[in-house]
Amino acid sequence: MCTVCGCGAGEARLEGSEKPVPAHEAGHHHHASVHGGAHHHHYGTGDAGASVPGMSQTRMIQLEQDILSKNNSYADANRRFFAERSIFALNLVSSPGSGKTALLVETLKRLKTTGDCYVIEGDQQTSNDADRIRETGVSAIQINTGKGCHLDGHMIGHAVDDLAPRDGSLIFIENVGNLVCPAAFDLGEAHKVAILSVTEGEDKPLKYPDMFAAADLMLLNKSDLLPHLDFDVEVARENALRVNPNITILTVSAKTGEGLDQWLGWIEAARAMRLAGHPVLGAAE
């Protein structure tokens, strides 16, 4: 949560602009060292699920509610914009190094001939990922968040204005690599998609449950590396389902193409369900 993660308000920059994109309201605090036991320090047992020195649990909950309420108003505006134009938006979330940019590149190579696609890239610094996306011929815009560890609804609204997506298009939002804060911030997307790579631990869903609880789909990525690792696919699946019994799980590889047809099929099915009966979608197709 941003009452404890140290996000840098006012440091976000939209690519091509020197003007900062205001993040959510200030109220930033830093982690504390509070001893909760001899062998296990658990700071999340209070009502707020976190701890900040000098701040009560009640005050922290109020700050979080204020921040998320403001973000949710921007997210609702984004959602209305998407709905009015039959735009289907997916929010891709993961830890750093999960391979989501490579997976997105392979996804776009397969999708770009079937319709209009756009990408909003989130990262703290550089436009490296947006550059990789543009090499596929798909329009992309980079949001640099500075010290911020997630995208928010306001940033996405500005990025969409600059992208000017066509009606009936598909927007991928590649969030900042972080399995904590992006779980709490609604961007107006249709679904959150969590990417977990087999080079990470099978227990990631248990260690970062909020993210996997918020996602509707988990892509178990880099499956081509499984012969070289001790990663247990079934244990990872069981852990994800313990956190979210309704989550769909697909095993994929950007390198070999394993599971990509199923991933594209999920996108089309979810898009059709989300936009069923919308007249603009029918016109775009």
State the [atom1]-[atom2] distance between [X] and [Y], to the nearest 0.5 angstrom.
X    : Y    : atom1 : atom2 : result
E202 : D230 : CD    : CG    : 8.5 Å
C117 : R166 : SG    : CZ    : 11.5 Å
T199 : L229 : OG1   : CG    : 7.0 Å
L206 : Y208 : CG    : OH    : 12.0 Å
K222 : S197 : NZ    : OG    : 4.5 Å
T248 : Q262 : OG1   : CD    : 12.5 Å

Compare every heavy atom of [Y] with every heavy atom of [X], then report the nearest pair and how far apart it is.
X    : Y    : value
S95  : K204 : OG-NZ, 3.7 Å
P182 : K192 : O-CE, 3.2 Å
A183 : A214 : O-CB, 4.0 Å
E234 : D232 : N-OD1, 3.1 Å

Donor on one side chain, acceptor on other, [X] and [Y], under 3.5 Å:
X    : Y    : answer
E258 : T251 : no
T101 : E174 : yes
D203 : N239 : no
S56  : T58  : no
T136 : K109 : no

Look only at the side chain of [X] and the backbone of [Y], and say whether a donor-acceptor pair between them is shorter than 3.5 Å.
X    : Y    : value
T107 : L103 : yes
N244 : N246 : yes
S223 : V252 : yes
S253 : T256 : yes
N175 : L151 : yes
Q124 : T145 : no
D47  : Q57  : no
N221 : S98  : yes
N71  : I67  : no

Between W266 and W263, how do the two ring planes meet: parallel, tilted or perpendicular, split at 30° and 60°? parallel
For the residue pair H191 and F88, categorise the inter-ring angle as parallel (less than 30°), tilted (30 to 60°) or perpendicular (more than 60°). perpendicular
Connected via hydrophobic side-chain network under 4.5 Å: [X] and [Y]:
X    : Y    : answer
L217 : V119 : yes
V233 : V243 : yes
L225 : I249 : yes
L68  : I61  : no
L264 : I195 : yes

Would you call R132 and E135 a salt bridge, taking side-chain N to carboxylate O under 4.0 Å as the test?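 Answer for the salt bridge query: no.
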Are E238 and R242 ion-paired here, with the side-chain N under 4.0 Å from a carboxylate O?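 Looking at R242 together with E238, the answer is no, because their closest N to O distance does not fall below 4.0 Å.
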Flag the pair [X] / [Y] as yes when at least one side-chain heavy-atom distance between them is below 4.5 Å, and no otherwise.
X    : Y    : result
L196 : M218 : yes
D186 : D152 : no
D167 : S86  : no
F231 : E200 : no
L90  : I267 : yes
F172 : L111 : yes
E121 : I133 : yes
S139 : R134 : no

Considering the options I141, I120, I173, which one meets the side chain to side chain contact (heavy atoms under 4.5 Å, CB included) requirement together with V160? I120
Using the ring of F81 (Phe, Tyr or Trp, six-membered ring only), decide whether R85 places NZ or CZ under 6.0 Å from its centre and within 45 degrees of its axis.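 Output yes; distance and angle both within limits.
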Begin from the C-alpha positions of E106 and R110 and carry the test salt bridge (charged side-chain N to carboxylate O under 4.0 Å, His left out) through to its verdict. CA-CA 7 Å; E106 292 304 314; R110 289 164 169 78; 3.2 Å; yes
